[in-house]
Amino acid sequence: MAESDTQRPECWVDDQRMDALFSPFRERNANPQSWESKMKFWSIQITEHLRQNGQVVFDTRTVSQIFKRKGRMPSCMHTVVQEMVRQGKLQKVSDFEASAQPEGWASWGLNVFVKRPLLWTVDTVMGKANHSIEEEVVYVEILKEKASELLHRVWSNARHQATDYVLDWTTVRDMCRDICPDDRSLSLVLLQLQKEAKVRIVEMPSQHKVVKFARKEQRSVTPVSEIELGVHRLKETEAHLSSEVQKLTEGIRRCLEDAKFYIGKGLKNSAKNALRRKKTNEKILERREIALETVHGLLQRIQDAESEKMILEAYKAGVATIKQKTAQDDLSVERVDEIMDAVQEVFDTQSDINEALSQGPQDSLNVSTTELELELDALLAEGEPVVQPARVDQFSPGQLAHAMGELTVADKDGLPNVPTFTPSTPPSVAKGGSSLSSQGTPTSPHGQRSPLRISTPPKIPVEAEPELVVLN
C-alpha cells in the first residue's frame, strides 16, 4: 500500500525521530519509558490503519510493508506484534478459529490461558523471545465491532421471523460487503458471532453454508430446525426459478431478434428455426412462472402464518391481562350490581330531599289560603260603590245629539273637501280637490286614502238619574 493511502503522524517527516522508531527495540529494563512510548506509537498506527481500511486480519510481513518509508521497513514490527498478542489486542487466527468452536472451548482455554503464557514466560526468561510471529493475527477489538455491525444489519433488513433469519452465505456476503470487504474477513466476523452465541453455521449437502442469526430479543441463537431448513430450500428454489425466468425471457428476446435478422437476409429456414426456439422457450417460461408463483405463494403463506401466530399470541396475552386486572381490582357482575343499587338508592333519597325543600315551610297557625283570599275580597267590597258601565239606552236623544255635536277632528289637513253635488249628479273633482273612491272612502288627489283622526269624545252631560260612572 502506498504511503499516501494511510494518514501518517506529524513526526513521519522527521528523519531523526523516525530512525529511532524504525530501529529494533532495546532491552526494556534499559529505558522503560522510551520502550513504552515506542510500543504505544506503533500500536496506534496499526490500529488506525486497520480501521481506515476495514481490515481485521494481517501478518507481520504485510504490516511492515504498509509502513515502509523511503525504501526502509521498520525493524521492530515483530516485537510490536508479539507484545500486542501478549496484551490480548491481537490473536493468532489459528487460536481464534479454535476458540470459536463450541466443542473445543475447554481445551482451547487450557491451551491459551495456561500453556501458551507459561511457554512465553519461559522463553522470555531464557532469552528466546526474539522469535517472530509470521502467521496471521486478528485484531480482536475491531473484529467485535464489525460483528456487532453485521448483526444489526441483519436485524434491520429482517421483515419476517420465519424466513429472514436463516440466510445463505452468499446472501450475507452481498448484504455486508461494506462491512467485510473480503471472504476472509466475513468468515472471521461470523466466527466471532458464533463465539458470542449469536450465529449458527450449518454446512448443507450442496456444499454451501447456511447461517442462522439470533433475533433481537434472543440472548443466544437456537439450533437450526428442519422447518427452517425447509423454508430456506423454498427460498433457494424461488431464487433459482427467478434466475431461470430472467434467462428464458432474455433467450426469447434474442430468438426474436435472430428471426428478424434472418428474414432481412432472406434466410427463411434459419428464421423458422429461431421462431421454433422462441416457442420452446415460451413454453418452458410458462411452466417456470407457474412454479415460481407456487413457491412464492407458499412462502407468503408461511409469513402470513407467522403474523397470525403473533396476532393470536397478542389476543391471548390481552385476555390474560384483562382477567388478571379484573381479579386484582375485584371487578365482578355481583359487585357491579350491588354498587349500582346503592347509587340508585342515593338518587332516590336525594330526590325526596329536593321535593321536601321545594314545598317550603308550613304555616304554624294552619290557616287556609282560600279563607284569607275570601276575607280580603270582602274588605275591599265594603264602603265602595258598585260601578256599573254606562249604556246608550240610558241617555235621551238630546243628550246624545249634544255629545255628537261636540266631536271634533284633530287634523283637517288630510280630509277631503265637502262635496257640492247631489247623488244624482256624476261626481266631479275640483282642481286641487279630492274625491271619494268607489267604496266611499275619502282619497287624496293622488288616489291615496287619507287617514281620519278623531279627537277625544266630549263628555256627555248626565242627569241625576241614572248616574254615569266611568270605569278605569
*Asks:* Does the pair Lys40/Glu36 count as a salt bridge with the N-to-O cut at 4.0 Å?
*Replies:*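 No, this pair does not count.
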
*Asks:* Do any N or O atoms from the side chain of Arg159 and from the backbone of Ser156 form a donor-acceptor pair under 3.5 angstrom?
*Replies:*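 Checking the backbone N and O of Ser156 against the side chain of Arg159, a donor-acceptor pair under 3.5 Å is found.
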
*Asks:* Which heavy atom in Pro74 sits nearest to a heavy atom in Ser64, and how many Å separate them?
*Replies:*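 Shortest heavy-atom contact: CD-O, 3.7 Å.
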
*Asks:* Between Thr47 and Ser43, what is the shortest heavy-atom contact and its length?
*Replies:*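 Scanning both residues, the minimum pair turns out to be OG1-O, 2.8 Å.
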
*Asks:* With rounding to the nearest 0.5 angstrom, report the NZ to NZ distance, Lys272 to Lys278.
*Replies:*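 Answer rounded to 0.5 Å: 16.0 Å.
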
*Asks:* Determine yes or no for a side-chain-to-main-chain donor-acceptor pair under 3.5 angstrom, with Ser242 supplying the side chain and Glu238 the backbone.
*Replies:*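 Side chain of Ser242 to backbone of Glu238, a donor-acceptor pair under 3.5 Å: yes, one is there.
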
*Asks:* At what distance, to the nearest 0.5 angstrom, does OG1 of Thr60 lie from CD of Glu136?
*Replies:*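 Answer rounded to 0.5 Å: 10.5 Å.
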
*Asks:* Looking at CD of Glu236 and OG1 of Thr171, how far apart are the two atoms once the value is rounded to the nearest 0.5 Å?
*Replies:*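 Rounded to the nearest 0.5 Å, the CD-OG1 separation comes to 8.5 Å.
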
*Asks:* Where the side chain of Thr249 meets the backbone of Val245, is there a donor-acceptor pair that is under 3.5 Å apart?
*Replies:*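 Answer holds: yes.
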
*Asks:* Answer yes or no: does atom NZ of Lys144 have more than 12 heavy-atom neighbours from other residues, nucleotides or ligands under 6.0 Å?
*Replies:*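 Counting other residues, nucleotides and ligands, NZ of Lys144 stays at 12 neighbours or fewer.
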
*Asks:* On a heavy-atom basis, which atom in Leu151 and which in Ala214 lie closest, and how many Å separate them?
*Replies:*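 Looking at all heavy atoms of both residues, the shortest contact is CD1-O, 4.2 Å.
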
*Asks:* Under 3.5 Å, side chain of Arg28 to main-chain N/O of Trp35, donor-acceptor pair present?
*Replies:*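 Answer holds: no.
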
*Asks:* Taking atom types as modelled and ignoring hydrogens, do the side chains of Glu250 and Gln246 form a donor-acceptor contact shorter than 3.5 angstrom?
*Replies:*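 The criterion, which ignores hydrogens and geometry beyond distance, is not satisfied for Gln246 and Glu250.
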
*Asks:* Going by atom types alone, do Ser185 and Asp182 pair a side-chain donor with an acceptor below 3.5 Å?
*Replies:*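 A pair is found: one side chain offers a donor N or O, the other an acceptor, under 3.5 Å apart.
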
*Asks:* Under 4.0 Å between a side-chain nitrogen and a carboxylate oxygen: does that hold for Arg215 and Glu217?
*Replies:*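 Result for this pair is yes, salt bridge flagged.
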
*Asks:* Could you check if a side-chain atom of Ser99 sits within less than 4.5 angstrom of a side-chain atom of Gln91, using non-hydrogen atoms only?
*Replies:*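 Contact flag for Ser99/Gln91 side chains = yes.
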
*Asks:* Taking all heavy atoms of Arg288 and all of Leu241, pick out the closest pair and write down the distance.
*Replies:*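 What the structure gives for the nearest pair is CD-CD2, 3.9 Å.
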
*Asks:* Can you tell if the side chain of Arg153 reaches within under 4.5 Å of the side chain of Asp178, non-hydrogen atoms only?
*Replies:*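 Side chain of Arg153 against side chain of Asp178, heavy atoms only: contact under 4.5 Å found.
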
*Asks:* Answer with yes or no whether the side chains of Lys212 and Thr222 bring together a donor and an acceptor at under 3.5 Å.
*Replies:*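 Checked: Thr222/Lys212 side chains pair up, N/O donor to acceptor below 3.5 Å.
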
*Asks:* Checking Glu48 against Gln52: is there a side-chain donor and acceptor pair closer than 3.5 Å?
*Replies:*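 There is no such pair between these side chains.
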
*Asks:* Regarding His240 and Glu244, do their side chains bring together a donor and an acceptor under 3.5 Å, going by distance alone?
*Replies:*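 There is such a pair between these side chains.
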
*Asks:* For Met175 and Val154, what are the C-alpha separation, side-chain angles and deciding distance, and is it a side-chain contact (heavy atoms from CB on, under 4.5 Å)?
*Replies:* CA-CA 8 Å; Met175 184 189 302; Val154 172; 4.0 Å; yes

*Asks:* When you compare the side chain of Ile66 with that of Gln45, does any pair of heavy atoms fall below 4.5 Å?
*Replies:*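 No, their side chains stay 4.5 Å or more apart.
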
*Asks:* Count the heavy atoms belonging to other residues, nucleotides or ligands that lie under 6.0 Å from CD of Glu10, then report whether that count exceeds 12.
*Replies:*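 No.
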
*Asks:* In Å and rounded to the nearest 0.5 Å, what is the CG to CG distance from Leu167 to Asp174?
*Replies:*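 Going from CG on Leu167 over to CG on Asp174, the span is 11.0 Å.
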
*Asks:* Would Glu141 and Arg51 count as a salt bridge (charged side-chain N to carboxylate O under 4.0 Å, His left out) if you check the C-alpha gap in whole Å, the side-chain angles of each, and the deciding distance to 0.1 Å?
*Replies:* CA-CA 10 Å; Glu141 182 180 356; Arg51 290 188 187 280; 3.3 Å; yes

*Asks:* Other residues, nucleotides and ligands only: do more than 12 of their heavy atoms fall within 6.0 Å of CD1 on Ile227?
*Replies:*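 Not more than 12 within 6.0 Å, no.
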
*Asks:* Quick check on side-chain contact (heavy atoms from CB on, under 4.5 Å): which of Val57, Val56, Leu50, Leu193 does Leu143 satisfy it with?
*Replies:*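 Only one of Val57, Val56, Leu50, Leu193 forms a side-chain contact (heavy atoms from CB on, under 4.5 Å) with Leu143, namely Val56.
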
*Asks:* Run Asn281 and Cys255 through side-chain contact (heavy atoms from CB on, under 4.5 Å) and show every step you take.
*Replies:* CA-CA 9 Å; Asn281 289 336; Cys255 289; 3.9 Å; yes

*Asks:* Sub-3.5 Å donor-acceptor pair from the side chain of Ser243 to the main-chain atoms of Ala239, do we have one?
*Replies:*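 Not confirmed, Ser243 side chain does not pair with Ala239 backbone.
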
*Asks:* Treating Lys235 as the side-chain partner and Asp164 as the backbone partner, does any N or O pair qualify as donor plus acceptor under 3.5 Å?
*Replies:*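 No, Lys235 side chain to Asp164 backbone: no donor-acceptor pair under 3.5 Å.
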
*Asks:* Closest heavy-atom contact between Asp258 and Ala274?
*Replies:*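 Answer, listing the atom of Asp258 first, then Ala274: CB-CB, 4.1 Å.
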
*Asks:* If you draw the axis of the six-membered ring of Phe25, does the NZ or CZ of Lys38 fall within 45° of it and under 6.0 Å from the ring centre?
*Replies:*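 Yes, a cation-pi geometry holds between Lys38 and Phe25.
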
*Asks:* Are Glu257 and Lys260 close enough that some pair of their side-chain heavy atoms sits under 4.5 Å apart?
*Replies:*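 Sidechains of Lys260 and Glu257: no contact.
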
*Asks:* So do Val224 and Leu229 actually touch side chain to side chain, heavy atoms under 4.5 Å?
*Replies:*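 The answer is yes, as the side chains (C-beta and beyond) meet within the 4.5 Å cut-off.
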
*Asks:* Does any part of the side chain of Thr170, heavy atoms only, come nearer than 4.5 Å to the side chain of Arg173, both counted from C-beta?
*Replies:*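 With C-beta onward as the side chain, the pair touches.
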
*Asks:* For the side chain of His152 and the backbone of Ser148, is there at least one donor-acceptor N/O pair under 3.5 Å apart?
*Replies:*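 Such a contact is found between His152 side chain and Ser148 backbone.
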
*Asks:* So Leu191 and Phe96, do their side chains get closer than 4.5 Å, heavy atoms only?
*Replies:*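 Side-chain contact under 4.5 Å: yes.
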
*Asks:* Out of curiosity, Ile142 CD1 to Leu90 CG, how far, rounded to the nearest 0.5 Å?
*Replies:*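 So the gap between those two atoms works out to 9.0 Å.
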
*Asks:* To the nearest 0.5 angstrom, please state how far the CG atom of Leu190 sits from the CG atom of Leu150.
*Replies:*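 Interatomic distance, Leu190 CG to Leu150 CG, rounded to 0.5 Å: 6.0 Å.
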
*Asks:* Quick one: closest heavy-atom pair of Met84 and Tyr139, and the distance?
*Replies:*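 What the structure gives for the nearest pair is CE-CE1, 3.7 Å.
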
*Asks:* Go through it in stages, so that I can follow the logic: the residues are Ile46 and Val80, the test is side-chain contact (heavy atoms from CB on, under 4.5 Å), and I'd like the CA-CA distance, side-chain angles, deciding distance and then a yes or no.
*Replies:* CA-CA 10 Å; Ile46 292 174; Val80 173; 3.9 Å; yes

*Asks:* So does Glu282 have more than 12 non-hydrogen atoms from other groups sitting under 6.0 Å from CD?
*Replies:*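 For Glu282, atom CD is crowded (more than 12 foreign heavy atoms under 6.0 Å).
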
*Asks:* Between Lys146 and Ile179 (side chain of the first, backbone of the second, donor and acceptor by atom type, cut-off under 3.5 Å), is there such a pair?
*Replies:*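 Yes, Lys146 side chain to Ile179 backbone: donor-acceptor pair under 3.5 Å.
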
*Asks:* Using a 3.5 Å distance criterion without hydrogens, assess whether the side chain of Thr294 forms a donor-acceptor pair with backbone atoms of Ile290.
*Replies:*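 Yes; judged by distance alone, with no hydrogens or angles, the pair exists.
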
*Asks:* Under a 3.5 Å cutoff, is there a donor and acceptor pairing between the side chains of Asp59 and Thr62?
*Replies:*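 A pair is found: one side chain offers a donor N or O, the other an acceptor, under 3.5 Å apart.
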
*Asks:* Using modelled atom types and a 3.5 Å cut-off, is there a donor and acceptor pairing between side-chain atoms of Trp169 and backbone atoms of Ile201?
*Replies:*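 No, the answer is negative, given that no donor and acceptor are paired below the 3.5 Å cut-off.
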
*Asks:* Please determine whether side-chain contact (heavy atoms from CB on, under 4.5 Å) holds for the pair Ile252 and Leu285, giving the CA-CA distance in whole Å, both sets of side-chain angles, and the decisive distance to 0.1 Å.
*Replies:* CA-CA 9 Å; Ile252 292 172; Leu285 176 62; 3.7 Å; yes

*Asks:* By the definition ring-ring contact (aromatic ring centres under 6.0 Å, His included), identify the one residue from Phe41, Trp42, Phe58 that meets it with Phe67.
*Replies:*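 By the ring-ring contact (aromatic ring centres under 6.0 Å, His included) criterion, Phe67 pairs with just one of Phe41, Trp42, Phe58: Trp42.
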
*Asks:* Any carboxylate oxygen within less than 4.0 angstrom of a Lys/Arg side-chain nitrogen, looking at Glu83 and Arg86?
*Replies:*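 Yes, charged N to carboxylate O under 4.0 Å.
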
*Asks:* If you count every heavy atom of other residues, nucleotides or ligands that lies below 6.0 Å from Arg177 atom CZ, does the total exceed 12?
*Replies:*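 Result for CZ/Arg177: enclosed.
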
